[in-house]
Amino acid sequence: MADTSNNNTVRVRFAPSPTGPLHIGGVRTALFNWLFARRHNGIFILRIEDTDRNRYVPGSLEQIIEGLKWLGLYWDEGPEVGGPYGPYIQSQRLDLYRKWANWLLEHDKAYKCYCSKERLEELRKARGSGYDRRCRYLTEEERRAHEEAGDPFVIRFKMPLEGETVINDLIRGPITFHNERLQDLILLKSDGYPTYHLANVVDDHLMRVTHIMRASEWIPTAPLHYQLYKAFGWEMPKIAHLPVILNPNGKGKLSKRTQAFSSSGHKVLVLLHEYREAGYLPEAIVNFLTNIGWSFGEDREIFSVEETIPRFELERINPAGARFSFDKLVWLNGIYIRKKSPEELAELLREPLEKAGLRPDKETLLKVAPLVQERIKTLNEVVDMAGFFFRETVEPAPKDLIGKKMTVEQSIEALRRAADVIKSLPEFNAQTLEEALRALAADMSLKAGQLFGVLRVAVTGQKVSPPLFETMEIVGRDRVLERLEKAEKILGQEVEKGADE
RNA sequence: GCCCCCAUCGUCUAGAGGACCAGGACGUCGCCCUUUCAAGGCGAAAACAGGGGUUCGAAUCCCCUUGGGGGCACCA
């Protein structure tokens, strides 16, 4: 008795096609299904819809599985874990689809269509859309002739020719379609594989799915599916169409072809693995996605999945399409980065640094983490912000080494005297550094910011960095002195160059 | 072209007939803090697409217009 569910158990599924990496829109669909299952103590099924042999991309299944796990969206039935209604990969269920397609044929609810792809192509061009149902009305002789000739065929569904089909969408209410506008869709392709429509309906029924939650681009196929259930004499699961996610500019569905940057300059990503590689946190992605089309209430934007589950109601989903507000995700990611403990953050920062060719040691990482924590919004930004900690030397630009409203000579002097001060410090830490260097600035009649700016560029190689004195402490006295000396040389060369000209 | 869906600040949204001269968040702008950049604090500008109804009363219900989006494959 593997099946612990009873007739009232909520059963939902996420049914991606292994045609490539997981799309962020697909992730949203998976998340909402998962949330709904958890909310109702139900079953979340992962089913792989690989009925298109041409679009299959090896490795996608692994990517899907890995992505869902990374986000924490574990499934109760499906690949890897099995379940009572398996297999959960459609290419392993082909016999089932053929059986039910034949059942429809035998019960006069479907027919064989011998029309060539060329003919269908012409039809589409001439009339704009739609199959003219020629084979639905073939005479017995014509049909026999095709059979005897062994002509290839597809199986098409006999849609009702009149009346209306009403879909009761859980989010939008009733949607009415006029049957005379609907198509005789193909159920079984000439290669013997089912189309999405057949496989989806057969599997949802056989897997006892109670609620379908899918993206709203599927609305037009709902009446077809409804009629299929009816023809089979099966009860149709309840259905809800989730709002589409639009490009940040509002032009069209969020797609892989999007090449956009958010106003904060972050690249708009579309595939889940891209987010992971760019240093987004799974908690941030989940939180962000939950906020598209659904809201927590109580004026709260930041919340965990655990907090979401008990309040996740379908009725509260907003049917309107929503743009993908990327900057808000970036902001949320920053929030979650700041929530990490120094230890957790240090570990998370290792990968981006290593990918940049650096060798971060654990001890330094632990000291650096708190310094960058409130300065980065994605993990990868640590490389630009704090890469200098893990490099032997830095390469400051000469012009950056010249302090604000200072001459080259003054800047050289500042570097030299700062080095002297640092050498003579009894103790080398942030506090003693700050005291001594503030005194130096006063002594030189410089504003603190002027002196610190020069030192910052000399030590870090950049104009923007974590706080100077903490930074110096971590870099260490010897390396700080080396870098000050090098900066001095660089500016010295500038003076010579200027003299030559 | 045909079918369908949708419509509150620039964006994500709260709002399910009176509690709304519409609340929160991102972003933007200003101020504070400050060694840079952030983070943080405070504050500001910013919306019910338009027009008709229904009702004592409409952001909330109905209709039309407009606008946006989705779909019209032997792809899912």
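Protein chains get the first letters and strands the later ones, always in sequence-line order, with residue 1 at the start of each.
Atom CG of A:Asp169 is separated from atom P of B:G71 by 16 Å (rounded to the nearest Å). One interatomic measurement links the two molecules: CG of A:Asp151 to P of B:C74, which rounds to 18 Å at whole-angstrom precision.
Judged by Watson-Crick or G-U wobble contacts below 3.5 Å, the nucleotide B:A7 has B:U66 as its partner. The partner of B:A16 is absent, by the rule that a Watson-Crick or G-U pair needs both atom distances under 3.5 Å. When Watson-Crick and G-U wobble pairs are counted only if both distances are under 3.5 Å, B:G1 pairs with B:C72. With a 3.5 Å ceiling on both atom-pair distances, the Watson-Crick or G-U wobble partner of B:C29 is B:G43.
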Check against salt bridge (Lys or Arg N to Asp or Glu O under 4.0 Å), A:Asp204 and A:Arg13 = CA-CA 8 Å; A:Asp204 279 349; A:Arg13 44 59 171 186; 2.7 Å; yes
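Here A:Arg124 pairs with A:Glu121 in a salt bridge; the nearest charged N to carboxylate O distance falls below 4.0 Å.
Ring centers of A:Trp75 and A:Phe14: at least 6.0 Å apart, outside the cut-off.
Contact detail for A:Pro466 and A:Met385: the closest heavy-atom pair is CD-O, 3.7 Å.
Counting any heavy atom pair closer than 4.0 Å across all strands shown, A:Ser190 reaches a base atom. Nucleic acid contact for A:Arg323: sugar-phosphate only, since backbone atoms but no base atoms lie under 4.0 Å from a heavy atom of the residue. Residue-level contact check: A:Ile219 touches the backbone only, with heavy atoms under 4.0 Å from sugar-phosphate atoms and none from bases. Looking at heavy-atom distances under 4.0 Å, A:Val154 makes contact with a base. Among the atoms of the strands shown, base atoms are found under 4.0 Å from some heavy atom of A:Glu301. Residue A:Arg172 is in sugar-phosphate contact alone, with no base atom involved, counting any heavy-atom pair closer than 4.0 Å across all strands shown.
No N or O donor and acceptor, one from the side chain of A:Ser465 and one from the base of B:C37, sit under 3.5 Å apart.
Residues A:Arg181 and A:Arg300 each lie close to RNA chain B; by heavy-atom proximity, the contact nearer the 5' end of the strand is made by A:Arg181. Nearest-nucleotide assignment on RNA chain B puts the 5′-proximal partner with A:Asp299, out of A:Asp299 and A:Ile335.
A close approach under 4.0 Å does occur between a side-chain nitrogen or oxygen of A:Ser295 and OP1 or OP2 of B:A14.
Interatomic distance, OH of A:Tyr114 versus CZ of A:Arg143, reported as 6.0 Å (0.5 Å rounding).
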